[in-house]
Amino acid sequence: MHPHGKKWNEMKKAVYLYVTLCLLAILVGCTTEGERAAMRAGLDSINVRNRTDRPFTVRDVEPYVRFFDDHGTPNDRLLAHYLLGRAYYEHGEAPMALQCYHDAIYCADTTAADCDYKQLCRVYAQMAQVFYEQGMYREQLVFQHLSSEYGWKGKDTLAALMSYEQESFAYKELGLTDSAIFVIEDVASKYEQYGYPSDAAISLGTIIRTLVNKGEYQKAKNYMELYESNSGRFDSQGNIIHGREVYYSIKGTYYLKTNKLDSAEYYFRKELHDGRDFNNQNGAAIGLAKLYELHHALDSASKYFQYAYEMNDSMFAHTTTQTIERMQAMYDYSRHQEIARQEKEKASEERNKRLLTAALLVLMVLLTTGVLTALYFKRRKEQRLYATNLDSLEKAQSEVLQLREYANAFEELIDEKEKVIKHLTAKLTEKNRNARQNHTITMEQIHQSAVYQDIKVREKTCKALTKEQLRKIRLLVIEKLPDFNGKLLEKQYRLNDTDFNVCLLLRLGIKSKEISVLLKISQPRVSQICTKVLATVFNKPNGGVNDLIELLCNYY
């Protein structure tokens, strides 16, 4: 065996081995579609538990996060990280939940056509809720707006409106009561517009206290009537559902400020009796104390003021504890972020080192393979190129000689034929000048002619025109439209046979689609010819078929 052939065989074996190892590595790293479907079903089942308020833990979700981070779509990863955040939130770890929600947002591909905007709307809504609970109301406004925006993009009208409604609570906490009222009244009208009357009534119920405090009693009364009749939160006796008894305090305050003291006392006592938590007991006690002040019953007023004071002490202690817990949580969150950042940087450095090493190895293999391959093929390529160049040179020389031989003859023949065309055209034009009729009659004669009727038959049967039929069409145009025929045949335009036939048929009123069938050319070719004629004959670089038809009709 030739030594070069032996080296080539050894090189081929090395290349095959390298390719095989690469394919094995790819196959090992892949997962089956069945496994992915099973994991997706498991993730969906946890999502159902989340939506139906059934408990699940961080451990339940973490395997799906790891799996879909490696094998999932952006929507898969978005859902997995969101559910992990929900698990942390439900177990009282709001800072970790917030981090998971951030991760979920980074997973989403908002440029993709199938981006799950509905899920993205939920993520931003949950983040806004965390910010509200942490007292970060301006941040809440930003994320409520984003949640509403993605709700609209995902065509989830109710979710978009609910996120918009939540902005009012942030405005209230920031002391921007007019903005809060505007948002609620605007969102209530939109609830009605999209067919959610109960949600409209419920939203209006949230600003009744604000309106009472501002002295807008008539509007407050109107909204109370809507709230009680349309919200679905009241029974037939007018009792509100358990857990929302604070409404009695709002209504009692309304009656107190409109000087309907008996009604005010009724609702304050109803709240005192039905609402047993801090807020209700405190609200009812303060309301009754103010009521007895107006009655000048100082002993009773003092009694309820004292009771409200005790409730305030309890609420203050409870609120202080919550504030400390929030501050501690935010501190833990910041510390966790710093630790996570350091770990991520360390992992990123290690990963970059591994990737660099792998890339260098692959590069060495590819370079070696490339050099060996180049050495083998270089000589053969040079030999083939030399032979090809010899053949091409001989062929080009032969073609040049043939073209030189026939060029002069063709040029003289063309000039002679053009002279004949001009002579005959002039004679026919002179002969028919006085007998020419108007355009409408001329076109009617053309359409009634046997030649035109033959064209229409060919259109219907989708058959191409024969050479003899094309000759008859030209005779018809020479006879009926001599100016048109002479215009297109001027030498400087350089129209060929197909170009001229397309123009004739367009002038006779045949559509471009039918022309492509009649002349056995493609529709794009018809468009190209029209562009060429517009540029060369009419000096119009831009335009289409209709523009050419309009110009051709000027020559009849």
Side-chain angles (χ1 to χ4, degrees), residues 36 39-54 56 58 60-90 93-134 136-170 183 186-187 190-191 194 196 199 203 333 337 340 344:
R36 207 195 79 81
M39 292 297 284
R40 178 66 209 213
L43 186 66
D44 287 339
S45 70
I46 293 179
N47 194 27
V48 171
R49 288 159 68 181
N50 174 57
R51 294 191 178 188
T52 54
D53 292 327
R54 286 184 288 162
F56 57 93
V58 171
D60 293 332
V61 188
E62 282 181 329
Y64 297 100
V65 173
R66 288 193 296 269
F67 178 84
F68 287 112
D69 275 348
D70 292 333
H71 307 294
T73 65
N75 287 340
D76 293 333
R77 294 194 291 274
L78 167 65
L79 179 59
H81 283 278
Y82 166 73
L83 291 175
L84 184 60
R86 291 290 299 143
Y88 276 119
Y89 179 82
E90 291 299 324
E93 299 184 51
M96 285 299 299
L98 199 59
Q99 181 61 52
C100 292
Y101 296 149
H102 275 296
D103 293 339
I105 290 171
Y106 294 141
C107 291
D109 182 4
T110 55
T111 63
D114 65 341
C115 179
D116 192 349
Y117 291 118
K118 290 184 180 180
Q119 189 61 57
L120 205 52
C121 167
R122 298 186 188 98
V123 175
Y124 279 111
Q126 290 297 324
M127 295 180 78
Q129 178 65 24
V130 173
F131 287 127
Y132 176 76
E133 292 171 358
Q134 297 294 335
M136 303 168 70
Y137 305 117
R138 295 196 182 279
E139 287 78 4
Q140 180 199 354
L141 283 172
V142 172
F143 283 82
Q144 292 291 182
H145 180 76
L146 288 168
S147 175
S148 181
E149 179 182 329
Y150 284 111
W152 289 116
K153 282 188 176 182
K155 295 182 172 49
D156 193 341
T157 304
L158 185 58
L161 293 175
M162 291 173 69
S163 290
Y164 177 35
E165 180 183 354
Q166 293 298 312
E167 293 182 19
S168 67
F169 298 107
V183 168
D186 187 38
V187 80
K190 287 181 169 61
Y191 276 133
Y194 289 101
Y196 302 104
D199 293 282
S203 66
Y333 176 53
Q337 279 193 315
K344 187 177 290 186

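Note that this is a predicted model, so its numbers are computed, not measured.
Taking 4.5 Å as the limit, some side-chain heavy atom of Thr157 sits within range of a side-chain heavy atom of Trp152. Inter-residue side-chain proximity for Val58 and Glu93 is flagged as unmet; no heavy-atom pair is nearer than 4.5 Å. Contact check for Glu90 versus Phe56: no side-chain heavy atoms found under the 4.5 Å cut-off. Counting heavy atoms from C-beta outward, Arg86 and Val61 have side chains that stay 4.5 Å or more apart. Between Leu79 and Asp116 the shortest side-chain heavy-atom distance does not fall below 4.5 Å.
The distance from atom CG of Leu161 to atom OH of Tyr194, rounded to the nearest 0.5 Å, is 7.0 Å. In this structure, OG1 on Thr73 lies 7.0 Å from CG on Asp114, to the nearest 0.5 angstrom. Atom CZ of Arg77 sits about 9.0 Å away from atom CG of Asp109, to the nearest 0.5 Å. Distance check: Gln119 CD to Asp76 CG gives 11.0 Å after rounding to the nearest 0.5 Å. One distance of note links CG of Leu43 with CG of Asp60; it measures 11.5 Å at 0.5 Å rounding. Note that the SG atom of Cys121 and the CD atom of Glu149 stand 10.5 Å from one another [nearest 0.5 Å].
Summarising the geometry of Cys107 relative to Leu78, their closest heavy-atom pair is CB-N, 3.8 Å, with the distance given to 0.1 Å. Contact between Cys100 and His81 at its shortest, heavy atoms only, is CB-O, 3.5 Å. Residues Gln166 and Gln140 approach most closely at O-NE2, 3.5 Å, considering heavy atoms. Shortest non-hydrogen contact noted between Arg36 and Gly72 is NH1-CA, 4.4 Å.
Shown here is Met39, whose CE atom has more than 12 heavy atoms of other residues, nucleotides or ligands within 6.0 Å. For Arg54, the CZ atom counts as densely surrounded, since its 6.0 Å shell holds more than 12 non-hydrogen atoms of other residues, nucleotides or ligands.
Ring pair Phe67/His71 is tilted by interplanar angle, where 30° to 60° counts as tilted.
In this structure a side-chain-to-backbone donor-acceptor pair under 3.5 Å is missing from Asn50 to Leu83. For Tyr117 (side chain) and Thr110 (main-chain N/O), a donor-acceptor pair under 3.5 Å exists by modelled atom type. Formation of a donor-acceptor pair under 3.5 Å by the Ser45 side chain with backbone atoms of Gly42 is found in this model. The backbone N or O of Ala159 lies less than 3.5 Å from a partner atom in the side chain of Ser163, making a donor-acceptor pair. Although no hydrogens or angles enter the test, the distance criterion places no donor-acceptor pair under 3.5 Å between the side chain of Asp156 and the main chain of Lys118.
A donor-acceptor pair shorter than 3.5 Å can be found between the side chains of Glu165 and Tyr191. A donor atom on one side chain and an acceptor atom on the other are not found under 3.5 Å apart for Tyr101 and Gln129. Using modelled atom types, one finds a donor on one side chain and an acceptor on the other under 3.5 Å when comparing Asp186 with Tyr164.
With respect to Asp44 and Arg40, a salt bridge is recorded, a charged nitrogen being found less than 4.0 Å from a carboxylate O.
For Glu139, the side-chain hydrogen bond (donor to acceptor under 3.5 Å, both in side chains) test picks out no residue, with sequence neighbours left out.
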For this session: Mind running ring pair (Phe, Tyr, Trp, His ring centres under 6.0 Å) on Tyr137 and Phe131 for me, showing each step along the way?
Result: CA-CA 7 Å; Tyr137 305 117; Phe131 287 127; over 10 Å; no
Exercise. Are Leu98 and Gln134 close enough, and set up right, to give a side chain to side chain contact (heavy atoms under 4.5 Å, CB included), and what steps lead you there?
Worked result: CA-CA 11 Å; Leu98 199 59; Gln134 297 294 335; over 6 Å; no
For this session: Check the pair Glu133, Tyr89 against side chain to side chain contact (heavy atoms under 4.5 Å, CB included), reporting the backbone distance first and the verdict last.
Result: CA-CA 12 Å; Glu133 292 171 358; Tyr89 179 82; 2.4 Å; yes
